[in-house]
Q: 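Please see the structure below; I have some questions.
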Amino acid sequence: MVNGQGTTVQETVDSHYMNDEGVIHAYPDDRKSEYLSESLGLYMEYLLQVEDEGEFAEQAAVLKNRFLVETGGQIFIPWRLYEEANVNALIDDVRIAAALEGAARQFDDPGYLELSRQIMSAIEDRQHQQGTAVDYYDWSYELAGNRITLSYLIEELTVLPESFGILETGEAEVFFPEYYDFDENTYKKSGEVHMIDQLLIAANRFDQGLESPEFESWLVEEWESRGQMAGRYDRKTGKPAVDYESLAVYYYVWQYFERIGQAEFSKQAVQRAESLAGEELPGELHFFDYIHYQMMMQEQ
C-alpha cells in the first residue's frame with residue numbers, strides 16, 4: 001500500500017512511528033508517546049495482510065525482546081512498555097496471538113504457532129471468571145479482572161467458548177452495554193457510547209449469529225441522514241455527543257456495512273474516510289487510526 005506521498009505504509013511507520021529499536025509509539029514523531037501492545041498487534045495484522053514476511057519477523061522479534069515477560073512458568077504481554085506495567089489486555093493479546101497463528105500458516109514458520117500458543121496458554125490458565133475470559137490479569141497481584149468488555153469478544157481465538165454467551169444481553173435497545181461485571185453479575189453502560197466499541201460489539205454479535213435490529217436500523221438511518229459518523233453518541237438520544245470523526249470508526253463502519261449487505265453504504269464509508277484523511281498522512285494521527293485506515297484501503 002502506498003501513501004499519498006508515494007511512500008509505502010512500512011516506510012511511513014518506520015520513519016514516523018518507530019524508535020531506533022523498531023518499537024512503535026502512539027503518535028507520529030513523538031517518541032515520548034506511549035508504546036502499546038495494541039500498536040504492535042495492529043501492525044502485525046497489517047503486515048500479514050500485505051504478506052510482508054521480513055517486517056513481520058522484525059516485529060515478532062520486538063515482541064519477544066521488548067514485550068514478553070516470563071513469570072511463574074508463563075509469559076505475558078504488558079499492555080504498554082512501562083516499568084510498572086504488570087497488567088495485560090485480552091484484546092491485544094488475542095490480536096497478537098491470532099496474527100502469529102496466521103503467520104505460521106502464511107510464512108510456513110512453526111515457531112510463530114508455538115509463540116501464539118504460549119500467549120494463549122497464560123490467558124487460559126489465569127485470565128477468567130466463572131468460565132469466561134476477562135479483560136486482563138494483574139501479574140503483580142496474581143488477580144484476574146472482574147469484567148469482560150463486549151467489544152473484546154472477537155471470533156478469532158477468544159478463549160473459553162462460553163465467553164460468547166455474554167454477547168446475548170437480552171436487551172432490545174439501540175446501543176449495547178459496554179461490559180459485564182462479574183462481581184455484580186450485571187451489564188454496565190455509559191451515558192456516552194464510543195462508536196468503535198458499539199460497532200465491534202455489533203460485529204461480534206453478527207459473527208455469533210445474533211441479530212441487532214435496533215442498532216442496525218439506527219445506524220442505517222444515521223448514515224442516510226448524515227453520511228458520516230461521529231466518534232461518540234449520547235446513549236439516550238442517539239445524537240452525536242462530539243463533533244469529531246475518526247478513521248478507525250470508518251474502518252468498523254465499513255466492516256459492519258459489509259457484514260449486513262449494505263454494499264453502497266460500505267463504499268460511502270470508505271469514501272468519507274478518504275476525504276477525511278486527505279493526502280498528508282500521517283499528520284497527527286494516532287497509530288490506531290493510521291493503521292486501521294491503511295488496512296481498510298488495502299482491501300479496496
Q: So, using ring-ring contact (aromatic ring centres under 6.0 Å, His included) as the criterion, who are the partners of F176 when residues are at least two apart?
A: F215

Q: For E222, which residues count as a side-chain contact (heavy atoms from CB on, under 4.5 Å) partner, sequence neighbours excluded?
A: W218, S225, R226, M229, Y233, P240

Q: For E55, check salt bridge (charged side-chain N to carboxylate O under 4.0 Å, His left out) against everything at least two apart and list the hits.
A: none

Q: Show me the donor-acceptor pairs, under 3.5 Å and distance only, between side chains in residues 58-67 and residues at least two apart or in other chains.
A:
{"unit_1": "Q59", "atom_1": "NE2", "unit_2": "G22", "atom_2": "O", "d": "3.2"}
{"unit_1": "N65", "atom_1": "ND2", "unit_2": "A61", "atom_2": "O", "d": "3.1"}
{"unit_1": "R66", "atom_1": "NH1", "unit_2": "E21", "atom_2": "OE1", "d": "2.6"}

Q: Begin with the C-alpha distance, continue with both residues' side-chain angles, and end with the deciding distance and a verdict on side chain to side chain donor-acceptor pair (under 3.5 Å) for Q49 and Q294.
A: CA-CA 10 Å; Q49 183 185 25; Q294 299 299 342; over 6 Å; no

Q: With L40, which of I96, L81, I24 fulfils side chain to side chain contact (heavy atoms under 4.5 Å, CB included)?
A: I96

Q: To check you understand the geometry: which heavy-atom pair defines the closest contact between S140 and N86, and what is its length?
A: CB-ND2, 3.6 Å

Q: side-chain contact (heavy atoms from CB on, under 4.5 Å) with E264: which residues, sequence neighbours excluded?
A: K267, Q268

Q: Looking at residues at least two apart in the chain, or sitting in another chain, which of them share a salt bridge (charged side-chain N to carboxylate O under 4.0 Å, His left out) with R126?
A: none

Q: Could you check whether any side-chain heavy atom of L200 comes within less than 4.5 Å of a side-chain heavy atom of Y256, counting everything from C-beta outward?
A: no

Q: Can you name the closest pair of heavy atoms from A144 and Q129 and give their distance?
A: O-NE2, 3.6 Å

Q: With under 30° as parallel and over 60° as perpendicular, where do the rings of F265 and W223 fit, or are they tilted in between?
A: tilted

Q: On the 0 to 90° scale, with breaks at 30° and 60°, tag the W139-F76 ring pair as parallel, tilted or perpendicular.
A: parallel

Q: Under the ring-ring contact (aromatic ring centres under 6.0 Å, His included) test, which residues partner F164, sequence neighbours left out?
A: none

Q: Mind checking what makes ring-ring contact (aromatic ring centres under 6.0 Å, His included) contact with H286, not counting sequence neighbours?
A: Y27

Q: Sequence neighbours left out, what passes ring-ring contact (aromatic ring centres under 6.0 Å, His included) with H194? Give chain and number order.
A: none

Q: Under a 3.5 Å distance rule, please check whether N19 uses its side chain to pair with a backbone N or O of V23 as donor and acceptor.
A: yes

Q: Which pair of non-hydrogen atoms, one from I196 and one from F288, has the smallest distance, and what is that distance?
A: CD1-CE2, 3.5 Å

Q: Is the shortest heavy-atom distance from the side chain of Y290 to the side chain of T12 under 4.5 Å?
A: yes

Q: Less than 4.0 angstrom from a charged side-chain N to a carboxylate O is my criterion; do K189 and E173 meet it?
A: yes

Q: Quick test of your reading of the model: are R31 and D20 salt-bridged, counting only N-O distances below 4.0 Å?
A: yes

Q: Going by the rule side-chain contact (heavy atoms from CB on, under 4.5 Å), which residues pair with K188 if we only count those two or more places apart in sequence or in a different chain?
A: Y179, D181, E184, T186

Q: Can you get from F182 to Y137 by hopping between Ile, Leu, Val, Met, Phe, Trp and Tyr side chains that sit under 4.5 Å apart?
A: no

Q: Give a yes or no answer on whether the side chain of S15 reaches the backbone of E11 with a donor-acceptor pair at less than 3.5 Å.
A: yes

Q: Could you tell me whether the side chain of E284 and the main chain of P28 form a donor-acceptor pair under 3.5 Å?
A: no

Q: Are Y250 and H292, when compared by the centres of their aromatic rings, separated by less than 6.0 Å?
A: no

Q: Between E245 and R272 (salt bridge meaning N to carboxylate O under 4.0 Å), is one present in this structure?
A: yes

Q: Apply salt bridge (charged side-chain N to carboxylate O under 4.0 Å, His left out) to D135 and list each qualifying residue two or more places apart in sequence or on a separate chain.
A: R147

Q: Between the side chains of E101 and S116, does any donor sit under 3.5 Å from an acceptor?
A: no

Q: How long is the straight-line distance from CG of L285 back to CD1 of I291, given to the nearest 0.5 Å?
A: 11.0 Å

Q: Could you tell me which residues satisfy salt bridge (charged side-chain N to carboxylate O under 4.0 Å, His left out) with E178, sequence neighbours excluded, listed by chain and number?
A: R235

